[in-house]
Protein chains: 2
Amino acid sequence: MARLPLYLRALSALSERGVPTVSSEELAAAAGVNSAKLRKDLSYLGSYGTRGVGYDVEYLVYQISRELGLTQDWPVAIIGIGNLGHALANYGGFASRGFRVAALLDADRAVAGQRIAGMVVRHMDDLEQIVRDDHVSIGVITTPAPAAQGVCDRLVAAGITSILNFAPTVLSVPEGVDVRKVDLSIELQILAFHEQRKSAVDPAAPDLPAAAQPAASPAGGPAGDLPEVMPA
Amino acid sequence: MARLPLYLRALSALSERGVPTVSSEELAAAAGVNSAKLRKDLSYLGSYGTRGVGYDVEYLVYQISRELGLTQDWPVAIIGIGNLGHALANYGGFASRGFRVAALLDADRAVAGQRIAGMVVRHMDDLEQIVRDDHVSIGVITTPAPAAQGVCDRLVAAGITSILNFAPTVLSVPEGVDVRKVDLSIELQILAFHEQRKSAVDPAAPDLPAAAQPAASPAGGPAGDLPEVMPA
DNA sequence: TAATGTGAAGCTTTTCACAGCC
DNA sequence: GGCTGTGAAAAGCTTCACATTA
């Protein structure tokens, strides 16, 4: 269930503050969901709560961690060391949940060899060997969009079955391979959509008269090219 | 509808290749969805297709862009110029869809003043003024988790009603303010969950016997702290 | 004939509401 | 009394299948 990580985060915060137990109501509020939903979600893991009391924070942290497979080590390889790959290599949030950046790779020989976040960037030629030797189980693709499918195919061929894709492309993979995508530009587009709705409905634009009614622009709009994760 | 940006991306690719019309079947395949779903989604925008022929690519690009509000300019401010903020400031994917990085801000006076992506990073003190003067409509939060709620509150107070949050925290905002979140660590956790399932079900572990059955680890698992977007 | 647009069926997710247990 | 766990109702979303139209 995709909400377990959210609960885990809220529980970890409670755990740090030394809170021993929590009710579904409180935890739901902390995770930003409805309490009935939270109880139903947790009930799929088993009956880990105590009626009349709530949930034991430490116990639930452990149970969710186990369910998510976070009690084991997950070596991750990042492919494409541009701005975003660089940022992810230095991102502290991975290590704290059992994810270990095991390798950084890039197709550019000028990038390979550089030291980033205490690691030497390897060349794509070594991909298969690195996956094998370091038991990499998750690949993170931060290449430009045109390169992503090729990299994906090589990852799959090397035996990887979980891919996190930051390149703005739909990846096609064989059955049994999981792909999750993060597209920054799509998130902004969804915000813009709602933002536009607001000013269209609300007659009194809050503060900025300049951003009022969406003008009916002339046809033949933006030709729009594929946004790339890293602009060279 | 959250899938429109996906369709738009597929259509833009077709447009670049000079394809004049596309059937729901083809476009659905390119966007990675089912064709009936695509037709239903598009039917909410109006009847922009031609039975027996398909959809006019250019016309549909324009209609979706208009629906999403991409025919107007969206000035974006990025708050928190660590690794991720830095990467986003340089990210080419924004500009191509009407999103313009109007300002970079940081609470650290050592960071403020630096030039990044051709812009001077401003100090948080100037936030309200920048939002007002540059008509910023979307705020992107890339601060460490503990700072996120404070920044969010200031953005809201300054009149911003759309926020993209990269900090691993649930932000609480008043009604009418939209928040979308991107949590890199959560994406990995979901992948790990499925990955674990695979090896548990599949009796023949593909290649790596080391990563086989999830061992029943001893209780009292990882104490886990809140992952931060930027480590220091 | 080819492919859209759409009621209706089917499925999934969310919410309600309360029995059951501490 | 308080709070979990869970059937049952409600809502939302996806898919089917076909009438409809260029």
Side-chain angles (χ1 to χ4, degrees), chain A residues 1-8 10-11 14-15 19-64 67-68 170 175 178-181 186 190 193-194 197, chain B residues 1-8 10-11 14 19-64 67 170 175 178-181 186 190 193-194 197:
Chain A
M1 184 62 69
R3 281 182 299 265
L4 289 181
L6 220 64
Y7 303 155
L8 183 56
L11 283 165
L14 292 170
S15 168
V19 179
T21 61
V22 66
S23 72
S24 62
E25 205 87 38
E26 294 163 331
L27 183 53
V33 301
N34 161 312
S35 71
K37 197 190 309 196
L38 179 130
R39 287 201 301 279
K40 187 137 265 182
D41 286 347
L42 293 184
S43 77
Y44 285 107
L45 309 185
S47 290
Y48 295 141
T50 310
R51 290 165 200 244
V53 179
Y55 299 90
D56 181 282
V57 172
E58 295 300 331
Y59 185 54
L60 199 49
V61 163
Y62 170 66
Q63 291 298 345
I64 294 181
E67 182 75 12
L68 287 173
V170 175
E175 186 122 7
D178 277 305
V179 175
R180 293 193 64 85
K181 63 172 192 300
I186 282 183
I190 294 170
F193 171 73
H194 289 119
R197 283 277 160 111
Chain B
M1 183 64 68
R3 281 183 299 266
L4 289 182
L6 221 64
Y7 303 154
L8 183 57
L11 282 165
L14 291 170
V19 179
T21 62
V22 66
S23 72
S24 62
E25 204 88 39
E26 294 164 330
L27 182 54
V33 302
N34 164 309
S35 71
K37 198 190 307 196
L38 178 128
R39 287 201 300 279
K40 189 138 266 185
D41 287 347
L42 293 186
S43 77
Y44 285 107
L45 309 187
S47 291
Y48 295 143
T50 309
R51 291 166 200 243
V53 178
Y55 299 90
D56 182 283
V57 172
E58 295 300 331
Y59 185 54
L60 199 49
V61 162
Y62 170 67
Q63 290 298 345
I64 294 181
E67 181 74 12
V170 175
E175 184 121 9
D178 277 306
V179 175
R180 294 193 64 87
K181 63 172 193 302
I186 282 184
I190 294 171
F193 172 72
H194 290 119
R197 283 278 160 111

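Letters A, B, ... are given to chains in the order of the sequence lines, protein chains preceding strands, and every chain is numbered from 1.
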(request) Just grab all the ring-ring contact (aromatic ring centres under 6.0 Å, His included) pairs involving residues 24-44 of chain A, residues at least two apart or on different chains. (result) none
Can you tell me how far the [atom1] atom of [X] sits from the [atom2] atom of [Y], to the nearest 0.5 Å?
| X | Y | atom1 | atom2 | answer |
| --- | --- | --- | --- | --- |
| A/Thr21 | A/Leu27 | OG1 | CG | 11.5 Å |
| B/Arg3 | B/Leu42 | CZ | CG | 10.0 Å |
| B/Gln63 | B/Leu8 | CD | CG | 12.0 Å |
| A/Leu6 | B/Ile186 | CG | CD1 | 4.5 Å |
| A/Glu26 | A/Leu38 | CD | CG | 11.5 Å |

Does [X] have any side chain to side chain contact (heavy atoms under 4.5 Å, CB included) partners at least two apart in sequence or in another chain, and if so, which?
| X | result |
| --- | --- |
| A/Val170 | B/Arg9 |
| B/Ser35 | B/Ser24, B/Glu25, B/Ala28, B/Arg39 |
| A/Glu67 | A/Leu4, A/Leu45, B/Phe193, B/Arg197 |
| A/Ala2 | B/Ile190 |

(message) With a strict under 4.0 Å distance from non-hydrogen atoms of chain A, what nucleotide opens and what nucleotide closes the contacted stretch of DNA chain C, reading 5' to 3'?
(response) C/dT14 to C/dC22
(request) Could you walk me through whether B/Asp41 and B/Val33 pass the side chain to side chain contact (heavy atoms under 4.5 Å, CB included) test, one step at a time? (result) CA-CA 11 Å; B/Asp41 287 347; B/Val33 302; over 6 Å; no
(request) Scan residues 38-46 of chain A against DNA chain D and write down, sorted by residue number, each residue with any heavy atom closer than 4.0 Å; if none is found, say none. (result) A/Arg39, A/Lys40, A/Ser43
(message) If you take any heavy atom closer than 4.0 Å to DNA chain D, which residues from residues 26-36 of chain A end up in contact?
(response) none
(request) Of all the heavy-atom pairs spanning A/Val22 and A/Leu11, show the shortest one and how long it is. (result) CG1-CD2, 4.2 Å
(message) Restricting to non-hydrogen atoms, name the atom on B/Tyr7 and the atom on B/Ala31 that form the minimum distance, rounded to 0.1 Å.
(response) CD2-CB, 3.8 Å
(message) Restricting to ring-ring contact (aromatic ring centres under 6.0 Å, His included), what partner residues turn up for B/Tyr59, sequence neighbours left out?
(response) B/Tyr48
(message) Of all nucleotides in DNA chain D that come within under 4.0 Å of a heavy atom of chain A, which is furthest toward the 5' end and which toward the 3' end?
(response) D/dG2 to D/dA8
(request) Output all residues satisfying salt bridge (charged side-chain N to carboxylate O under 4.0 Å, His left out) with B/Arg51, sequence neighbours left out; order by chain, then residue number. (result) none
(request) Estimate the overall bend of the helix from C/dT1-D/dA22 to C/dC22-D/dG1 from the end axes over five pairs each, rounded to 10 degrees. (result) 10°
